[in-house]
Amino acid sequence: MKVENKSTMSRCPNVNIRGLEWLNTRGPLSLNNELSGKVVLLDFFTYCCINCIHILPALHQLEKRHTVKDGLVIVGVHSAKFPNEKVLANIRSAVLRYDICHPVVNDSEAHLWHELEVSCWPTLVLLGPCGNLLFSLVGEGHRDRLMLFADCALRHYGKQGLLKSHDVGIKLYKDSLPPNILAFPGKVAIDNGSKRLAIADTGHHRILVVSLNGQLLHVIGGPESGRKDGDVTEASFSSPQGVAIKGDVVYVADTENHLIRKIELLEGKVTTVAGVGAQGTDREGGAMGTTQPISSPWDVTLGTAGSVEDNVLWIAMAGTHQIWALFLADGKLPKVSESKAGVCVRWAGSGSEENRNNSYPHKAGFAQPSGLALAPEEPWSCLFVADSESSTIRTLALKDGAVKSLIGGERDPMNLFAFGDVDGKGVDAKLQHPLGVAWAPEQSLLYVADSYNHKIKVVQPKSKLCNTLAGTGEVGDTLGPELIKTSFNEPGGICVGDGGKLLYVADTNNHQIKVLDLVSKTVSRVYSAPIRSVPSTKAPKFPKSAAKKEMAPVSVAAGQTVVMSLTLSLPEGAKLTEEAPSCWTLSAEGTEWLLDHQVTTGDITDLSKPLVVSAKLPPEFKESPSDPKLTLAVWIYYCLETGSACTMKAASFSQPLNITACLGEVEEVTVALAHAF
């Protein structure tokens, strides 16, 4: 990473940036007008690039240190690598996803890139208040130098009286958006044993655990970013991506914290198992997990290295272009001495950003590996790797670590621009920045989230044949009627359920999880729950006149899930008041521990279908509960369509529980409720 110092007297080329598309501003900016009298930092980036993502924290820090009024303006210059990244709407999604709070200009045809002789991403260019070129920094890792140069430039031009304090018209796009249930979900994983999904709700900095029918069971973290271990009600994450769930344990690639986290749902706690909370540059590893620096882990999956099942967590380490292993129990990598539990070590990848295949794992090269899928059975016995920046799918052999090409890219290991959208075999098939892979062992098929082509593709590993399964190739949010006519928006994660009959897709920029039924060839959406992206306001006081219903007792056992399905109906000619917060709460007065670490409140936005609220009982009771019961309360705001009369009505439903000793084969007990206002 070189540093180029430009003469302080050299003039910035006469580039017309006013005619380009802008984000986060009230209108276009010009060096001769809005930016005159400002020290301007141009950040040349492309949103797929992990190195560009790595410098964003330094830019955030600089923005807090020096404001526009102080005379500093940061401008992101988005010069695309992939065709998909030239589209303004896609850049807008990236600006939101990465919480970029400064103006961004779409340099789609690389005019600014060429005028300023930029040669790689990221590049930072500092301009003086008269548009004079001060210096440029190439690559990442220049935080201290950037702070020093910006401080000096502002101090120097401030003394000369050349700085101006005027507003440049910044208007953040995120401030105009309504809340979503999900925000840029990056990955989704399934535990077929417990029939649950783990969702990385990346934009909300949290992990959701939901049933396969979409009922919310656990929320951990969010809505703000943070880095806190401990009780699940207080833990926090920063843009988590990869998730792996087995039983009551969820492993998380906490990407922007550069950590691997472990969620224990039964104990209700979150711990850090790898990383130090800062971006690492170590490309070898070998230290115990919590002392080993790591860099932007993007996906995780459980596997076996040695004789103990699921004794290792494989990690797609996007920041160093490698595949790492975190040992959960003692184990052994191929051709390597045994590792103790807790050790975190590089397994494959030299650390150079390449599309290089090699029989020796340490000599192979990856380019921002972003998705993993394990196929432990013969004849495959490999990890499938979605290598996003080379636009390839690679295989990493479990027996010896050999890295081979499956589809995409080309044979030149240095060419990271061999992308496209072509069905075919091997290198003749073309992808565009794939981020996710999922393995269906029953059918011996690999599914690929071909993210920048907005498609789901299917690969037959034996023949290396790749075909489009779903997606039109255009950005959209439609559900068919056929798989091929369904549209996506940069899907980033995928997993297989029901013996290969279902695909769950994290449709990232559409803020949702889609389900592809491969038998009926239909598509549906899974919503986590009708909850806000920020905590709902406190429920109003329960009126004395509200209806209160006591239900007949129902027999349940420890570990079962009680599902309360409530059908509500309004008077004829009435509809919910959109502006008012209709909501529900679930309580267990006197036995609150029955609902530990579960969602107990939410919003009501649609009465066309039953409100379904679930409560999973603890696997064992801390004490013998006395007269336990669950109480579901609802507050409904509605107005009559024929007039201006609006009102709020409430109702509560108490469900006594008879605790029995035997769980039996029934995992859920459903109680049907109904009420007419």
Side-chain angles (χ1 to χ4, degrees), residues 191 193-198 208-220 232-233 245 247-248 264-268 526-531 536 539 542 546-568 583-604 606-607 609-636 650-675:
D191 178 27
S194 63
K195 297 181 180 179
R196 291 183 291 184
L197 295 173
L208 307 181
V209 178
V210 306
S211 65
L212 297 186
N213 63 4
Q215 292 306 306
L216 188 62
L217 304 175
H218 302 276
V219 179
I220 308 99
V232 293
T233 60
I245 179 171
D248 290 298
E264 296 174 87
L265 298 174
L266 287 183
E267 289 78 5
V526 171
Y527 290 100
S528 56
I531 60 172
S536 296
F542 199 73
K548 298 178 181 178
K549 294 187 176 182
E550 183 87 10
M551 313 307 295
V554 61
S555 295
V556 296
Q560 283 186 322
T561 297
V562 179
V563 180
M564 303 179 77
S565 178
L566 173 60
T567 300
L568 296 170
C583 60
W584 61 266
T585 64
L586 184 66
S587 60
E589 187 174 354
T591 53
E592 287 80 4
W593 51 269
L594 288 173
L595 299 176
D596 277 355
H597 316 305
Q598 299 189 59
V599 175
T600 57
T601 183
D603 295 336
I604 299 174
D606 183 8
L607 296 185
K609 55 187 177 182
L611 168 68
V612 180
V613 177
S614 299
K616 184 175 177 60
L617 301 179
E620 56 183 29
F621 293 147
K622 305 174 185 178
E623 55 191 83
S624 179
S626 176
D627 299 324
K629 65 180 178 180
L630 300 176
T631 300
L632 176 63
V634 296
W635 289 259
I636 303 296
S652 70
F653 307 85
S654 294
Q655 180 58 67
L657 305 177
N658 283 338
I659 306 299
T660 62
C662 180
L663 175 64
E665 297 181 357
V666 179
E667 296 182 358
E668 293 185 352
V669 175
T670 300
V671 179
L673 308 169
H675 183 71

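Put simply, the side chain of Thr601 gets close to the backbone of Trp584: a donor and an acceptor are under 3.5 Å apart. A donor-acceptor pair is defined here as one N or O able to donate and one able to accept, closer than 3.5 Å; such a pair exists between the side chain of Gln655 and the backbone of Ala552. Formation of a donor-acceptor pair under 3.5 Å by the Asp248 side chain with backbone atoms of Leu265 is not found in this model.
Taking Glu550 as the reference, nothing meets the salt bridge (charged side-chain N to carboxylate O under 4.0 Å, His left out) condition, with sequence neighbours excluded. Scored by the side-chain hydrogen bond (donor to acceptor under 3.5 Å, both in side chains) test, Lys549 finds His675 as partners (sequence neighbours excluded). Taking the side-chain hydrogen bond (donor to acceptor under 3.5 Å, both in side chains) definition, one finds that Thr567 meets it with nothing, sequence neighbours left out.
Between Ala674 and Leu566 the shortest heavy-atom distance is N-CD1, 3.9 Å. Of all non-hydrogen atoms in Leu617 and Ala557, the two that sit nearest each other are CD1-O, 3.7 Å. Listed here is the closest heavy atom pair of Val210 and Leu217: C-CD1, 4.0 Å. Among all heavy-atom pairs drawn from Leu595 and Ala588, the shortest one is CD1-N, 3.8 Å. Residue Ala546 comes nearest to Ala650 through the heavy atom pair CB-O, 3.4 Å, listed as atom of the first residue, atom of the second, then distance. Residue Gly247 comes nearest to Arg196 through the heavy atom pair O-NH2, 2.6 Å, listed as atom of the first residue, atom of the second, then distance.
Note that CG of Leu197 is 8.0 Å distant from CD1 of Ile245, once rounded to the nearest 0.5 Å. With values rounded to the nearest 0.5 angstrom, Ser565 atom OG is found 11.5 Å from Lys609 atom NZ. Taken to the nearest 0.5 Å, the CD1 atom of Ile659 stands 9.0 Å off from the OG atom of Ser555. Taken to the nearest 0.5 Å, the CG atom of Leu657 stands 4.5 Å off from the CG atom of Leu630. Atoms OG1 and CD1, from Thr233 and Ile220 in turn, are 10.5 Å apart once rounded to the nearest 0.5 Å.
Annotation: side chain of Trp635 is not in contact with side chain of Ile604 (no heavy-atom distance under 4.5 Å). Between Met551 and Leu673 the shortest side-chain heavy-atom distance falls below 4.5 Å.
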